[in-house]
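Each remark here refers to the structure printed beneath this line.
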Amino acid sequence: MASERYNAPAREKHWRKVWQQAGLHRANNHDSRPKCYVLEMFPYPSGRIHMGHVRNYSMGDVFARYKAAKGFNVLHPMGWDAFGMPAENAAMEHKTHPGTWTLANIATMKSQLQSMGLSLDWSREFATCDVAYYRHQQKLFLDLYTKGLAYRKSSRVNWDPVDHTVLANEQVIDGKGWRSGAEVEQRELTQWFFKITAYSDELVEDLRTLENWPDKVRLMQTNWIGRSEGMLIRWALEKATAPASQSELQVYTTRPDTLFGASFLAIAPDHPLAIAAAKNNPDLAKFCDNCRRAGTTAAELETAEKHGFDTGIRAVHPLDKDWLLPVWVANFVLMDYGTGAIFACPSGDQRDLDFARKYDLPVVPVVLPAGEDAATFAITNTAVEGGGTMINSRFLDGSTPEQAFETVADQLSGEVLAGQPVGQRQINYRLRDWGVSRQRYWGCPIPFIHCDDCGPVPVPDDDLPVVLPDDAEFDKPGNPLDRHPTWKNVACPTCAKPARRETDTMDTFVDSSWYYARFTAPDAATPIDQDAAQYWLPVDQYIGGIEHAILHLLYSRFFFRAMCDSGQLKTKLREPFKALFTQGMVTHETYKSEGGAWLLPTDIKIEGEGKARVATELKSGAPVTIGGIEKMSKSKKNLVDPDDILEHWGADCARWFMLSDSPPERDVIWTESGITAAGRFVQRVWRLIDEVAERAVAPGTKQPDQLGELAADLRKSAHKTLDSVATSIESLRFNVAVAQIYEFTNSLSAATSKQSQGLDWALRDSAEILVQSIAPMMPHLAEECWARLGYNTLVANQPWPEADPALLVDDKITIAVQVNGKRRDELTIARDAAKDEIERAALALPSVARILDGRQPKKVIVVPQRIVNVVG
RNA sequence: GCGGACGUGGUGGAACUGGUAGACACACAGGACUUAAAAUCCUGAGACUUAACCGUCGUGCGGGUUCGAGUCCCGCCGUCCGCACCA
């Protein structure tokens with residue numbers, strides 16, 4: 001008996017070499033097996049992998065390996081989201097080229113990932129900063145431009161004063177830049193945009209087809225796109241009060257039913273009518289100016305109090321020519337949503353009500369909530385935003401708001417103002433076009449040349465790629481491309497006059513919007529190889545963090561459609577990711593020194609249990625405060641280095657722990673005892689297999705005709721495990737699969753000390769099943785065990801064993817027996833026993849008879865194979 | 001403010017369409033082996049009551065539906081997440 005401990009790190013190296021030499025994980029684009037494309041979100045090469053990566057990639061790998069065992073041709077690639085700001089910042093700090101920094105990080109992280117034993121096809125690896133990748137992205141950009149899906153416009157943009165770049169709305173969090181954390185300013189710049197709004201409706205509608213996406217993500221995208229159904233209504237302005245150039249005001253509303261509760265109109269400070277009116281009104285001009293200044297940061301906007309200014313302009317109510325309403329400029333009206341103008345019904349909208357109360361404007365209730373009396377009902381300081389019955393609304397009285405909406409919409413659509421319908425139904429979206437220009441060096445250059453005569457000219461295909469210059473200087477803030485004369489100044493491709501290159505580069509979210517497609521044929525001469533894409537897409541299982549629920553996933557869904565519609569991708573598909581899984585974070589306890597500094601877990605020592613746990617600094621012995629459990633982060637130093645874990649415990653142990661206990665979508669707490677337990681299990685499996693290998697029959701031995709009870713039970717439990725582990729992995733419930741394997745290991749372990757007819761055969765059968773069950777999760781250990789069981793094949797090449805259906809059902813089962821709904825006893829009976837037979841057996845139980853105490857049961861409910869409930 | 005998710009032992013968590021709550025693991029306690037420790041193996045354990053069996057209570061709180069509720073419905077409380085003047 002080999003009683004040596006299993007030396008995981010050493011053996012793992014060996015098996016990885018064997019796999020690599022066997023070319024085990026290379027995916028073939030031409031294969032008759034059904035395909036399965038498994039993808040985890042590719043990492044940003046920040047320096048070293050962290051535990052979040054370990055968790056993410058462990059999950060994907062289990063799925064990929066399992067699918068391969070199930071007979072699928074699996075594509076499981078890896079690459080690098082390699083453009084972006086940190087490289088440029090590092091270049092500034094350390095005087096290295098961003099590319100040098102990035103490639104060094106990639107080398108480190110690749111070797112780290114390789115030591116995890118992931119079944120990745122490294123032959124398809126690429127980084128988005130490779131010219132071979134981004135040249136195709138430039139082609140895609142030009143195709144989008146040709147299709148009208150990429151365009152330039154001047155717009156007010158979010159400007160990050162620290163990073164000196166423009167940010168998308170999605171990259172502004174609480175008014176601050178998502179990377180720099182600096183207060184974002186508003187600036188007017190000409191920028192490149194992708195027309196994502198052309199797909200607003202489709203992007204929200206098709207979420208319904210994404211049945212294997214988390215509801216949470218679909219809901220977040222729905223809210224982000226923000227579809228609303230309403231009306232455009234045109235209000236005539238009273239001539240005497242309006243600026244000469246303005247005769248009407250168009251508002252967008254979702255509540256035309258509340259028109260009779262209208263109290264005033266409000267327009268944004270940037271609205272053309274406001275600007276026109278301000279020309280002859282210095283006070284108004286000053287007010288608008290103040291609004292703009294106050295509104296420079298989104299954070300201030302959120303807390304800003306409502307302010308207004310009566311322009312003196314009067315508008316005619318569309319349903320009553322004699323009814324004039326004042327037009328106010330209000331700071332809470334947004335120029336870039338709807339028409340930048342609203343009509344206010346204070347009784348039905350809290351914001352309008354707040355405003356009306358402040359400036360003493362009329363408040364007329366028009367919706368009477370259920371249970372209120374029309375005679376006494378009054379609005380105080382809470383608007384009625386729910387349903388009810390229309391009141392004070394003339395011909396709408398008595399109907400529901402929904403009916404009133406229809407009535408008003410129909411009527412206003414039929415009426416005419418200056419030759420146009422007064423109202424029309426309109427669907428609005430919160431989603432805005434995606435600004436992709438970034439004033440940075442380390443990104444994909446936008447392939448355009450600006451000519452004073454010809455305007456922006458696309459770089460001709462033959463001149464692609466536009467390659468980043470290597471000799472840029474990073475010693476000051478701002479865009480190095482903009483101050484690189486030899487790169488920037490070129491001849492216009494159309495007229496040959498001196499012209500300038502576009503110096504903006506693309507948002508890195510463009511890079512990650514199509515990498516999954518490039519993986520299907522990473523060396524193709526065109527961006528996409530149609531055959532490969534046809535074969536592999538969509539991604540069957542995509543796995544990544546919830547933090548990408550909106551940005552990356554929405555952009556990718558858009559870009560996929562844009563590639564289809566611009567002809568680069570010929571497919572009937574509309575969605576790139578068939579199934580999505582968002583895994584939880586890795587968390588850890590935090591530690592603080594007396595001085596308030598965060599401490600690494602490796603710098604402290606913990607003694608005692610539970611509430612008596614006391615931590616001290618290793619070096620000084622100084623007391624340490626044990627803090628809360630939080631997401632692992634550099635700033636709080638509650639980090640565990642994957643390298644340390646892999647070197648000490650091995651990859652299998654780390655993987656197993658990451659998959660145990662916590663449901664994958666929830667956060668997992670990294671604990672010392674957790675990794676220790678996983679390590680214990682690794683050794684236990686090895687000992688157990690070793691023991692079985694000593695005793696069991698030779699590989700390939702035929703099943704004996706007769707199995708003793710114990711042997712038969714063990715075999716049953718093995719096949720049940722096989723079946724349930726498969727189901728758990730299919731549904732990505734790895735923690736459940738782990739528990740099922742633990743349970744089976746306990747049974748197998750117990751059986752080794754027993755005797756039974758055919759047990760030596762059953763032990764081998766069960767041991768092999770155990771090894772194959774753990775293989776997707778602990779692939780190295782499984783190989784070692786497979787070899788120990790006498791095979792010279794690779795378990796990674798073995799098909800997933802088919803569970804024998806006959807073994808999955810028991811002929812005798814145990815069901816609970818309740819009396820008046822309380823469990824009193826249990827009953828073991830033939831699985832197919834008839835109802836009356838079960839009833840008789842249940843009533844015969846002493847415990848049941850005792851409680852009934854001679855009384856006749858009123859009723860007996862028998863659910864075969866489940867339960868008996870005696871009602872007495 | 002709006003929208004959503006979640007709440008189960010000391011801890012992480014399990015429980016298929018309502019049908020034996022607490023699988024599995026951690027931590028803990030006792031025992032075996034050992035000079036001792038580590039490692040390993042065995043045993044115990046939701047709470048209360050009891051010598052033990054029995055019994056009672058028990059899935060955040062309060063109601064309800066049902067023969068039967070962790071699971072379904074209504075109302076609260078708490079935690080977390082997303083959006084945030086989107087008309």
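Below, read A as the first sequence line, B as the second, and so on, with proteins coming before strands; counting in each chain starts at 1.
At a threshold of 4.0 angstrom between heavy atoms, the contacts of R824(A) are confined to the sugar-phosphate backbone, with no base atom among them. At a threshold of 4.0 angstrom between heavy atoms, the contacts of I861(A) include nucleobase atoms, whether or not backbone atoms are also involved. Across all strands shown, S660(A) has no heavy atoms under 4.0 Å from either base or sugar-phosphate atoms. R227(A) comes within contact range of no nucleotide atom at all, as no heavy-atom separation falls under 4.0 Å. Within the 4.0 angstrom heavy-atom criterion, only backbone atoms of the sugar-phosphate kind lie near E743(A); the bases stay farther away. S228(A) comes within 4.0 angstrom of the backbone, heavy atoms only, and of no base. Heavy atoms of V863(A) sit under 4.0 angstrom from at least one base atom. If you check every strand for non-hydrogen atoms under 4.0 Å, N746(A) touches sugar and phosphate atoms only.
Side-chain proximity of W224(A) to G12(B), A87(B), C83(B): nearest is C83(B). Side chain of Q818(A), nearest nucleotide from U40(B), A87(B), G68(B): G68(B). The nucleotide whose nearest atom lies closest to any side-chain atom of K216(A) is, among C81(B), G13(B), G19(B), C81(B). Closest to the side chain of I550(A), from the set C83(B), C67(B), A87(B), is C83(B). The side chain of F332(A) approaches C85(B) more closely than any other nucleotide in the set G55(B), A27(B), C85(B). Closest to the side chain of I342(A), out of A27(B), U56(B), A87(B), is A87(B). Side-chain atoms of R666(A) lie closest to A14(B) of the nucleotides G19(B), A14(B), G55(B).
Searching all strands for a Watson-Crick or G-U wobble partner of C41(B) with both distances below 3.5 Å returns G31(B). When Watson-Crick and G-U wobble pairs are counted only if both distances are under 3.5 Å, A21(B) pairs with no nucleotide at all. Both distances falling under 3.5 Å, in either a Watson-Crick or a G-U wobble arrangement, occur for no nucleotide opposite G68(B). In this structure, A36(B) forms no base pair with any nucleotide, since neither Watson-Crick nor G-U wobble geometry is met with both distances under 3.5 Å. Figure legend. C16(B) is base-paired to no nucleotide; pairs are counted as Watson-Crick or G-U wobble with both atom distances under 3.5 Å. A 3.5 Å limit on both hydrogen-bonding distances identifies no Watson-Crick or G-U partner for A87(B). For C53(B), there is no paired nucleotide, since no Watson-Crick or G-U wobble pair has both relevant distances below 3.5 Å. In this entry G3(B) has C81(B) as its Watson-Crick or G-U wobble partner, both defining distances falling under 3.5 Å.
Contact check on D336(A) versus R432(A) returns a salt bridge, with a Lys/Arg side-chain nitrogen under 4.0 Å from an Asp/Glu carboxylate oxygen. Taking 4.0 Å as the cut-off between side-chain N and carboxylate O, R227(A) and D201(A) count as a salt-bridged pair. Remark: D354(A) does not engage K358(A) in a salt bridge, criterion side-chain N to carboxylate O under 4.0 Å.
Between the side chain of K858(A) and the base of C67(B), no donor-acceptor pair of N or O atoms lies under 3.5 Å.
Only the P atoms considered, U79(B) is 39 Å distant from G30(B), to the nearest whole Å. Rounded to the nearest Å, the gap between the P atom of G60(B) and that of C53(B) is 28 Å. Going from the P atom of A27(B) to that of C41(B) covers 13 Å, rounded to whole Å. The separation of G64(B) from U71(B), taken at their C1' atoms, amounts to 15 Å, rounded to a whole angstrom. When the C1' atom is compared between U34(B) and U40(B), the two are found 12 Å apart, to the nearest whole Å. Comparing the P positions of A15(B) and C6(B) gives a spacing of 14 Å, expressed to the nearest Å. Nucleotides A69(B) and C73(B) have their P atoms positioned 15 Å apart, rounded to a whole Å. Across the C1' atoms, U50(B) and C16(B) are found 38 Å apart, a figure rounded to whole Å.
A donor atom on one side chain and an acceptor atom on the other are found under 3.5 Å apart for Q426(A) and N428(A). Using a 3.5 Å distance cut-off with no hydrogens or angles, the side chains of T254(A) and S228(A) do not pair a donor with an acceptor.
Closest approach of G338(A) to Y252(A), counting heavy atoms only: CA-CB, 4.2 Å.
Residues of residues 722-739 of chain A that place a heavy atom closer than 4.0 Å to RNA chain B, in numerical order, are R733(A), N735(A), A739(A).
Remark: R5(A) is not positioned above the aromatic ring of W686(A), lacking an NZ or CZ atom under 6.0 angstrom from the ring centre and at most 45 degrees off the axis. Judged by the 6.0 Å and 45° rule, K306(A) forms no cation-pi pair with F355(A).
Around the NZ atom of K605(A), the shell of radius 6.0 Å holds no more than 12 heavy atoms that belong to other residues, nucleotides or ligands. Counted within 6.0 Å of CD on E385(A), heavy atoms from surrounding residues, nucleotides or ligands total more than 12; the atom is thus considered enclosed.
Anti is the conformation of G12(B), whose glycosidic angle sits further than 90° from 0.
Of the two residues near RNA chain B, R430(A) and T676(A), the one whose nearest nucleotide lies more 5' is T676(A). Annotation: of the two residues near RNA chain B, V668(A) and Y742(A), the 5′-most nearest-nucleotide partner is V668(A).
Residue R823(A) has no polar side-chain atom (N or O) positioned under 4.0 Å from OP1 or OP2 of G68(B).
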